[in-house]
Amino acid sequence: MPVDQPRRRARVILAMCLPLLLTAGCGSAAGEVGAPPSGLATPQPGRPASAGAAPAVADSAAPPPAVSPPAGAPGTTGAPAPTTAAAHPGTAGPVRTRGREDDPANDAARLRTLPASTTQVVIVQSQSPSATTATLQAYAKSGGAWRSTFGPVPARLGGNGFSDSKREGDRTTPAGVFAIDATMYGIAANPGVRYGYHQLVADDWWNENSDSPGYNTFSHGPNPGGPSEALWQTSPQYTYFAVIRYNMPATPGRGSGIFLHQSNGNSTLGCVSLPQGDLLAVLRWLDPAANPRIVMAPAAWLGRY
């Protein structure tokens, strides 16, 4: 064999392997994924390789990225919510939103008896008329469409569930569509609500005496009698609360003192109760300019309203 034959063989082998080395890249083992060298595009299935940066469009097999809703002012539809209301004293926004905000098949879109001027609605619904637990969800209307702005969150009802023929002392929560009274109340100072607010003092009562002329109204002074409630002494339930305008103006015997108030963990005497953070979020979010309504009923009854 001539002495220069090994060199010739080496040159031939190098000429054959050089394209493969350039294609594979330096230091890349089989099956290892690395960044392409600068100035080279990574070939993608179904696309020709080209010089320059890799295309910005993701492969069709990859799932689309999640898109967060745009930020907005508190109380507006689509606004992201703070994590807890208690962490934002004085603000007026909802706490959290779950599910699709633009779902046209939501519960608010099913309602047919709301006033035309109502652009906020709170829906409290249970799984059955006798249930003492429920969920609360709030919606705002914009551009003719209802969108969820808060909830769902757990709520407690009267010890005998819902009733559409409530009577005084029957421990049921009245079913129906109701307004929110002009004044909110609480043992604690105003947490930043948009309504009028009265901080309770000694001798503040809710008159629940069917035989008195002030039945189902706020009263300051002597005990009105009957089952009237000493508001300033009922803690933690009345730390903060809104009055639901059930039986107003009052018909004797039909029930009184229906509030949206703080939960103590148990069923109520007929009110709707929430954990404090969720309650504060709702109270701060409610806006009298939106003519809000609260709808309370078993889920199967919502079609009535």
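The first residue of the sequence shown is numbered 1, and numbering continues consecutively from there.
Here the side chains of T268 and H261 are in contact, with some heavy-atom distance below 4.5 Å. Using a 4.5 Å heavy-atom cutoff, the side chains of P236 and Q276 are not in contact. Between R194 and L286 there is no side-chain heavy-atom pair separated by less than 4.5 Å. By the 4.5 Å heavy-atom criterion applied to side chains, Y246 and M248 are not counted as neighbours. No side-chain heavy atom of T251 sits under 4.5 Å from any side-chain heavy atom of Y215. Side-chain contact between T149 and Y139 is absent, with no heavy atoms from C-beta onward closer than 4.5 Å. The closest side-chain heavy-atom distance from V295 to V121 is below 4.5 Å. At least one side-chain heavy atom of N291 sits under 4.5 Å from a side-chain heavy atom of R293.
Ion pairing between a basic and an acidic side chain is recognised when a charged N comes within 4.0 Å of a carboxylate O; D170 and R167 show no such pairing.
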Scan the side chains in residues 297-305 for donor-acceptor partners under 3.5 Å anywhere in the protein, sequence neighbours excluded, and list what turns up.
residue : atom : partner : partner atom : Å
R304    : NH1  : D164    : OD2          : 3.1

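Taken from OG1 in T217 to CH2 in W205, the straight-line distance is 13.5 Å, to the nearest 0.5 Å. The CG atom of L136 sits 6.5 Å away from the CG atom of L260 when rounded to the nearest 0.5 Å. Remark: S273 OG to N264 CG distance equals 7.0 Å, nearest 0.5 Å.
Inspection of the H220 and D204 side chains reveals an N or O donor paired with an N or O acceptor under 3.5 Å. Side-chain atoms of E208 and N216 include no donor-acceptor pair closer than 3.5 Å. A donor-acceptor contact under 3.5 angstrom links the side chains of R156 and T132, judged on distance only.
Residue pairs satisfying the salt bridge (charged side-chain N to carboxylate O under 4.0 Å, His left out) criterion with at least one member in residues 230-255, sequence neighbours excluded, are listed as follows: D181-R245.
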Worked verdict on D107 versus Q125 for side-chain hydrogen bond (donor to acceptor under 3.5 Å, both in side chains): CA-CA 10 Å; D107 290 319; Q125 59 180 306; 2.7 Å; yes
Verdict with supporting geometry, N190 and H198, side-chain hydrogen bond (donor to acceptor under 3.5 Å, both in side chains): CA-CA 8 Å; N190 187 343; H198 173 72; over 6 Å; no
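For CD of Q127, the number of neighbouring non-hydrogen atoms (other residues, nucleotides, ligands) closer than 6.0 Å is 12 at most.
Note on ring orientation: taking the six-membered ring where Trp is involved, the planes of F259 and W206 are perpendicular (angle over 60°, cut-offs 30° and 60°).
Minimum heavy-atom separation, P288 to Y195: CD-CE1, 3.4 Å.
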